[in-house]
Amino acid sequence: MPALHQTADQQGVFVTQKFSGGVFHADLSDGRAGVEIELLHSHLCASTADGDAFVIPYEECQLEIGGYTGKMLFCRNADRSVTLFSEDKQFPKALALAAGGRLDDQLASQLSKAKGESRRGAIFSFGLVAATLIVLVSLYFGIRAGANRVTQSLPVSLDRELGKAAYQAMPKEGSEITDPLVTEPIQSIVDRLADHAKVEGMDFELHVIDSATVNAYCLPGGTMVVYTGLISAAESPGQLAAVISHEMAHATLRHGLSRISQTLGLTAAVSLLIGDTAGIMAAAEEFFTAASINSYSRQQETEADLEGVRMLHAAAIDPSGMPSLFELLKEEHGELPEALVWVSTHPDHASRIEETQNMIDSLPAKPYKPIDLDWEALKSRVAGDSTKKADVSNSSNESSADSTVDPSELEQENGS
Amino acid sequence: MEAELRDKPSFTNLRLQLKPGDSVIAEADAMAYMSSTIRMNTKWNGGVIQSLLKRFLGGESMFVNQFSTDKGGELVITQPYPGDMTCLELKGNSMYLQPGAFVACEPGVKLGVGWAGLRMLIGGEGLFRLKVSGHGRVWFGAYGGIFEREISDEYIVDTGHLVAYEPSIGVKVGMAGGIFSSFFSGEGLVTRVKGPGRIYLQSRSFDGLAAWTNAHL
């Protein structure tokens, strides 16, 4: 290549190339200006729009690669008073060519240095992202464990106050039923299970609400709400007891409280650790918070299923009502699209059946005592109530069919 | 055109005395008051696509206002937040401005939006930034005071404090110290800038304001 250059020069037809760039020099007002750089026979020549010109002979050239893109070539004179630079992609090659090999070594070492820096930069960025992920993931698991432990050490009276306040504030979907023919059989199930609650100090207070909604929930502290729709939809006292035990387990395992502390804890811990939460951090934090709330309650549902089975077994109630309840849900709803919302926070029916059945199989055999209630009477009484029959004494003539209940509402059983 | 930056540094505003035939381009909504002899024209901030890019990615307005006059007059321009403003005279060179810093410029200045790269996002400065080039004066602002540093070697700036830098400045995002001190010093990540060239810094950062406000809500 140098040969070509010399030939061209000897013939006097050496074509100068121009590159746009800039200059730093103390004599310029503001110390800088944009320039056109020409590569001449023995030197670089840069001229500003105002007519100033700067010259650097090739043998004096001190090269450096840098700038924002990492691809800008700087060229300084011997005393470093003049700095010319250009970001033009062709500039390094053209400069090497014009200098006839005098700058090749410098250019090669600068290029390899720039390459090394950009590789280090990429490794750092990758390492940073990976480290952030590791910190967030371990935080996520750490806080889950930590929040659970903290929650278990709080007094149960806190749960009770929380639950009572929540119950007051919640919209009721119907009027409360005080008819002892309805409340007493359910109360008897609650009482049998309450004796075997995992936590002492729970105050299981039953409210039966006249509503077609197929739902039941137990608030922190033990405020238990059963909708008449659930009683109509259940096929056996065992299934009803299964739902009640599952909901009571949410309260005794103190899921409401640990969910609150986890959500608060994750946000607090992330902002505490990563002082100035920049864009990516905030987004990741949000993502993990959302993920924790979802997968978290799925885990809680499984825990409540198993704790429910344990309570049923301990109370000498046949726990097979639990898997049979999930069979019912599966048959009625299969994989209906509207089940999606529920499925996202609840494990699928098949795995709930499997897990509860496995647990039942692993429990020691025990003589189960039947649930002491008149199932048909309860159902017809409820059917009478929920169809608003004026004369409740005739209710025994009514069909006990759960005709008022849309089976799809079974999906609404929520895990609060 | 005579320009004067007044009420420095907290509530700096730019007072321009336009001579007949002068014109100036300013960020939308930047005009505070002006003589009735000045005409205002609103135009796309570049082309339509460029304007959209500047609006959504560069933190600038979709439209800019061009003020011109046949008779001369006074025009006062401000920025939306408290802080200092400064003037930069371009002579064929260029400068990158962080999103939202641009206030006004003379007609010879070209405004372009450019991809700043992932490192600037990690550094908390935004994915895109404005490039001003050409000939003429540019006025831009900062939150808090503005420092100007001519750097020949490396300089460390906390994220969110860099307002403007020349293309000749190399920017790397790095940790403030070791892993422990980076996470627990509250400094987190910093940007390492490398000369030659000039950088403009602001004495306050919006992230800092947001965090402080958050703590008092």
Side-chain angles (χ1 to χ4, degrees), chain A residues 20-26 28-36 46-50 52 64-74 76 80 82-87 114 117-118 120-122 124-129 131-132 135 270-283, chain B residues 87-96 114-127 129 131 133-135 150 152 158-160 165-176 179 182-190 192-198 205 207-208 210-211 214-215:
Chain A
S20 65
V23 61
F24 291 122
H25 189 267
L28 287 164
S29 75
D30 206 31
R32 69 207 61 234
V35 290
E36 291 281 323
S47 33
T48 69
D50 294 348
D52 293 318
E64 200 181 318
I65 290 175
Y68 188 82
T69 55
K71 288 177 182 137
M72 185 177 275
L73 184 60
F74 295 92
R76 293 188 174 92
R80 298 174 77 87
V82 179
T83 304
L84 300 179
F85 57 89
S86 172
E87 212 163 10
E117 280 197 7
S118 85
R120 271 194 295 283
F124 176 78
S125 301
F126 178 78
L128 187 72
V129 171
T132 309
V135 167
V270 170
S271 48
L272 188 78
L273 278 180
I274 309 167
D276 50 355
T277 318
I280 278 187
M281 305 291 191
Chain B
C87 175
L88 167 75
E89 179 142 24
L90 294 176
K91 289 194 219 80
N93 53 321
S94 30
M95 181 74 76
Y96 290 126
W115 167 256
L118 270 179
R119 63 189 140 153
M120 289 311 253
L121 180 71
I122 295 174
E125 310 279 2
L127 268 180
R129 34 101 158 117
K131 183 179 186 178
S133 54
H135 294 265
E150 199 75 50
S152 54
D158 193 12
T159 52
Y165 48 97
E166 285 186 291
S168 62
I169 296 283
V171 178
K172 281 194 294 187
V173 175
M175 288 186 293
I179 288 188
S182 293
F183 274 103
F184 295 97
S185 63
E187 294 295 342
L189 296 170
V190 294
R192 286 168 190 271
V193 292
K194 190 170 181 294
R198 184 186 291 162
S205 84
D207 285 348
N214 231 347

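The sequence lines fix the lettering, A, B, ..., with proteins before strands; numbering per chain opens at 1. Side-chain atoms are counted along with the backbone in the values below, which use heavy atoms only and exclude waters and symmetry mates.
- Under the 3.5 Å distance criterion, the side-chain polar atoms of B/K91 are matched with a main-chain donor or acceptor of A/S29.
- In terms of heavy-atom proximity, B/P196 sits nearest to A/F74 at CG-CE2, 3.4 Å.
- Counting heavy-atom pairs closer than 4.5 Å to chain A, the top residue among B/G92, B/G170, B/S168 is B/S168.
- For A/A33, the parts lying near chain B are the backbone and the side chain together; criterion is any non-hydrogen pair under 4.5 Å.
- Between A/M72 and B/P167, the shortest heavy-atom distance links the atoms CE-O, 3.6 Å.
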Practice problem: For salt bridge (Lys or Arg N to Asp or Glu O under 4.0 Å), just list the numbers for B/K194 and A/E117, CA-CA rounded to whole Å, side-chain angles, deciding distance to a tenth of an Å, and then say yes or no. | Solution: CA-CA 13 Å; B/K194 190 170 181 294; A/E117 280 197 7; over 6 Å; no
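- Only the backbone of A/T69 comes within contact range of chain B, judged by heavy atoms closer than 4.5 Å.
- Summarising the geometry of A/F24 relative to B/G197, their closest heavy-atom pair is CZ-CA, 3.8 Å, with the distance given to 0.1 Å.
- Using a 4.5 Å cut-off between heavy atoms, A/R80 makes no contact with chain B at all.
- Of the listed residues (B/K172, B/E166, B/E89, B/E150), the greatest number of heavy-atom pairs within a distance under 4.5 Å of chain A belongs to B/E166.
- Rounding to the nearest 0.5 angstrom, the gap separating the OH atom in A/Y68 from the OH atom in B/Y96 is 8.0 Å.
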